[in-house]
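First up is the structure itself, then whatever we jot down about it.
Protein chains get the first letters and strands the later ones, always in sequence-line order, with residue 1 at the start of each.
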Amino acid sequence: MYRTNTCGELNIANVGQEVTLCGWAQRIRKMGGMTFIDIRDRYGITQLVFSNEINASLCEQANRIGREYVLQATGKVAERSSKNAKNPTGEIEIIVDTLKVLNEAATPPFTIEDDTDGGDDLRMRYRYLDLRRTCVRANLELRHKMAFEVRKYLDEHGFLEVETPVLVNSTPEGARDFVVPSRMNAGQFYALPQSPQILKQLLMVSGFDRYFQIVKCFRDEDLRADRQPEFTQIDCEMSFVEQEDILNMFEGMTRHLFKAIKGMDIPVLPRISWHDAMKYYGSDKPDTRFEMKFVELTDILKGYGFAVFDSAAYIGGICAKGAASYTRKQLDALTEYVKRPQIGAKGMVYARVEADGNVKSSVDKFYSQEVLQQLKAAFQAEAGDLILILSGDNADKTRKQLCELRLEMGSQLGLRDKNKYSCLWVVDFPMYEWSEEENRLMAMHHPFTSPKPEDIPLLDTDPASVRANAYDMVINGVEVGGGSIRIHDSQLQAKVFEVLGFTPEKAQEKFGFLMNAFKFGAPPHGGLAYGLDRFVSLFAGLDSIRDCIAFPKNNQGRDMMLNAPGELDPSQLEELNITTVIKSK
RNA sequence: GGUGCGGUAGUUCAGUUUGGUUAGAAUACAUGCCUGUCACGCAUGGGGUCGCGAGUUCGAGCCUCGUCCGCACCGCCA
């Protein structure tokens with residue numbers, strides 16, 4: 001037996017016991033006549049003590065230990081003469097009588113501490129060392145707990161976890177696929193699933209009326225702090241349900257997670273239509289930890305000779321409570337912020353509500369106090385508030401800019417507390433959105449999404465205005481999940497493909513098996529998928545989903561530890577029937 | 001495809017403004033001293049392709065161009 005206990009569990013009650021611990025040497029403090037070694041495993045840290053007085057040769061042995069050596073130590077648990085309140089095991093130490101070096105270790109390139117001295121680059125190249133750090137390990141422990149609670153909740157509600165294949169077909173629409181060559185089928189390729197969407201719908205046809213899977217999905221698109229090329233979904237689907245049933249089921253699951261993991265009771269999730277989300281927040285994933293909703297000011301401010309506003313198609317603003325104390329310098333910085341190319345506003349107008357109730361704006365020469373009071377009334381602003389206004393010739397674009405400004409103000413005013421959570425449903429997404437690039441309508445969610453029944457007639461007359469039975473769950477401005485009621489009627493599915501510009505032949509080629517399956521008795525069904533990485537990041541308060549993934553990819557989609565992707569031997573390529581390979585740089 | 005920031009000791013960074021003798025600090029590492037430390041302390045020491053390449057110059061860590069790499073973002077992500 002290697003060990004009797006872990007390094008995190010011994011305390012004052014164990015004093016006098018003979019124990020054996022295994023772990024890594026975290027820190028070594030040599031005092032001359034005595035030596036302390038902190039031994040670490042994933043459960044905690046325990047202090048080992050060696051003394052010349054007790055055993056000089058053992059103490060000498062301890063002095064030769066280096067950082068991160070793998071140790072096995074046997075000795076007696078003793079109460080410390082000077083305790084360390086910072087450590088749960090800080091009241092005791094082990095007076096060692098046998099020390100065995102199970103393995104030596106090279107000095108790690110960065111310190112194995114929560115506040116490590118290692119940069120991102122280095123930590124990713126030595127991720128296995130990075131994962132020794134308590135703060136990183138804690139993220140994976142949280143991830144495990146959340147996945148476990150998900151399985152528990154879904155199992156209790158009759159869901160079956162079914163595995164679906166990873167080698168499937170490339171699908172048109174949506175993200176780029178990762179592809180895998182087929183040795184046995186020359187010139188043909190598998191694709192890795194962007195999600196098991198079609199497969200889970202086929203499982204509904206098979207009668208698995210409550211399915212889920214915690215499953216890897218793959219999208220060959222550029223990365224972000226919240227986007228990895230392979231990521232994990234909690235993929236769920238139900239039969240004989242309406243939208244309401246699905247919202248209730250998964251609101252319940254979210255509530256369960258908050259309770260089980262955070263000990264928090266969350267309120268009923270408010271619902272907002274996609275249209276209103278765009279109107280009041282300029283985003284389909286609003287951060288509702290704070291209000292600061294948009295107010296449209298076009299009617300109030302247009303027509304007073306201020307050319308910027310008079311020529312604008314949309315004027316809108318937000319009211320930052322208590323921010324009238326913002327200095328000119330701060331306001332200039334905000335203006336610069338919204339003028340950054342990524343945001344693209346032309347400028348910003350501000351108005352302060354002063355202590356006497358008067359409004360002082362940056363465009364006073366165009367507006368009477370009377371008009372400015374209308375402005376104040378539009379926000380129900382009070383003394384001390386700051387109104388920020390953007391305008392533009394494109395309402396949607398201006399709202400997007402205003403959205404960035406709102407989030408920045410929320411951050412500056414400390415309204416985006418990581419320990420506070422605000423959840424909501426965004427519902428009634430449009431079926432389609434116009435693609436400038438492809439010059440056609442594209443499915444906003446995916447092409448299997450059902451239109452709202454009352455909007456079906458519009459498919460022929462005004463497809464762009466058709467709303468879908470689609471919904472997203474948003475927490476703190478993060479889209480943690482999304483789903484829809486699916487089409488289960490092959491005729492309607494064919495119609496939707498038609499609007500997307502598929503010829504019947506193309507639709508048959510790509511999705512024939514699905515439409516065929518629907519002819520054999522498809523139940524009404526729908527579902528939802530959570531992004532597990534994002535959900536864990538939210539609960540852990542992380543800035544990047546990388547921190548809750550054991551071995552993530554970098555900005556360029558590379559695994560810096562494995563140095564993947566890599567080149568193949570010519571013989572492998574030949575076997576795969578790949579004759580032309582563009583050499584990497 | 002694009003924008004911004006960064007790349008100097010094992011590591012984290014300063015030095016670049018205004019080109020000029022031997023490129024510094026902290027930490028880590030090594031050695032020595034130290035019997036109650038817990039970020040132990042003290043002393044000494046070793047450690048550098050200033051990402052790479054070209055150019056300007058009498059002279060480049062510093063200026064110019066190119067290139068590679070990392071991070072954040074835009075496009076993209078049904």
Side-chain angles (χ1 to χ4, degrees), chain A residues 26-39 45-54 56 59 63-64 66-68 78-87 89-91 93 95 106-126 129 171-177 194-195 197-198 217-229 231 340-344 400 404 429-433 435-438 441-449 468 470 479 482-484 496-497 500 529 531 543-544 546 554-556 558 560 563 584-585:
Chain A
Q26 175 83 10
R27 277 187 226 108
I28 300 140
R29 294 178 292 279
K30 299 172 191 172
M31 310 304 298
M34 64 192 311
T35 294
F36 300 96
I37 296 179
D38 291 337
I39 186 170
I45 289 177
T46 300
Q47 176 167 283
L48 307 177
V49 61
F50 304 85
S51 166
N52 264 344
E53 240 169 45
I54 298 168
C59 195
N63 283 338
R64 291 197 299 271
R67 261 196 315 143
E68 298 303 313
E79 187 174 357
R80 287 201 207 177
S81 52
S82 65
K83 301 189 167 73
N84 182 351
K86 281 180 278 185
N87 191 335
T89 65
E91 288 193 310
E93 62 193 353
I95 299 171
T107 304
F110 52 88
T111 57
I112 312 298
E113 305 279 354
D114 281 358
D115 52 346
T116 182
D117 58 5
D120 288 349
D121 182 358
L122 199 65
R123 293 198 293 113
M124 288 307 156
R125 265 189 286 139
Y126 296 91
L129 297 181
T171 50
E173 299 280 294
R176 295 184 187 89
D177 292 309
Q194 297 175 31
S195 90
Q197 183 59 37
I198 296 170
C217 300
F218 306 87
R219 293 178 190 175
D220 187 8
E221 297 292 346
D222 283 13
L223 292 86
R224 288 288 188 280
D226 64 348
R227 273 165 31 190
Q228 283 272 305
F231 61 100
R340 286 165 28 180
Q342 299 99 307
I343 298 179
K400 263 184 111 173
E404 297 295 336
F429 275 74
M431 275 289 278
Y432 303 105
E433 63 185 334
S435 166
E436 295 289 342
E437 200 174 315
E438 304 211 9
L441 289 175
M442 307 267 288
M444 195 158 194
H445 188 52
H446 57 56
F448 319 110
T449 300
E479 179 197 328
S484 63
V496 166
F497 282 142
L500 286 170
D543 292 324
S544 168
R546 269 170 226 186
N554 78 356
N555 248 1
Q556 301 304 314
R558 299 196 66 85
M560 296 177 71
N563 196 22
S584 60
K585 281 173 256 182

Within the structure shown, what part of the strands sits under 4.0 Å from [X] by heavy-atom distance: base, sugar-phosphate, or nothing?
X: A:Met560; result: sugar-phosphate
X: A:Leu122; result: sugar-phosphate
X: A:Arg80; result: base
X: A:Ser195; result: base
X: A:Arg546; result: sugar-phosphate

For nucleotides 40-44 of chain B, print each protein N/O atom paired with a nucleotide N/O atom at under 3.5 Å, atom names and distance only.
from: B:C40; atom 1: OP2; to: A:Arg29; atom 2: NH1; distance (Å): 3.3
from: B:C40; atom 1: N4; to: A:Lys30; atom 2: O; distance (Å): 2.6

- Item | C1' gap between B:G61 and B:U18, integer Å | 15 Å

Need the pair for [N]. Rule: Watson-Crick or G-U wobble, both distances under 3.5 Å, any strand; none if unpaired.
N: B:U31; value: B:A43
N: B:U64; value: B:A54
N: B:C5; value: B:G70
N: B:A26; value: B:U11

- Message: By nearest heavy atom, map A:Lys83 and A:Glu433 onto RNA chain B; which one lands nearer the 5' end?
- Response: A:Lys83

- Item | Interatomic distance where CG belongs to A:Asp115 and P belongs to B:A26 [whole Å] | 19 Å

Find every protein N or O atom lying less than 3.5 Å from an N or O atom of nucleotides 1-8 of chain B, and list the pairs.
from: B:G1; atom 1: O6; to: A:Asp222; atom 2: OD2; distance (Å): 3.2

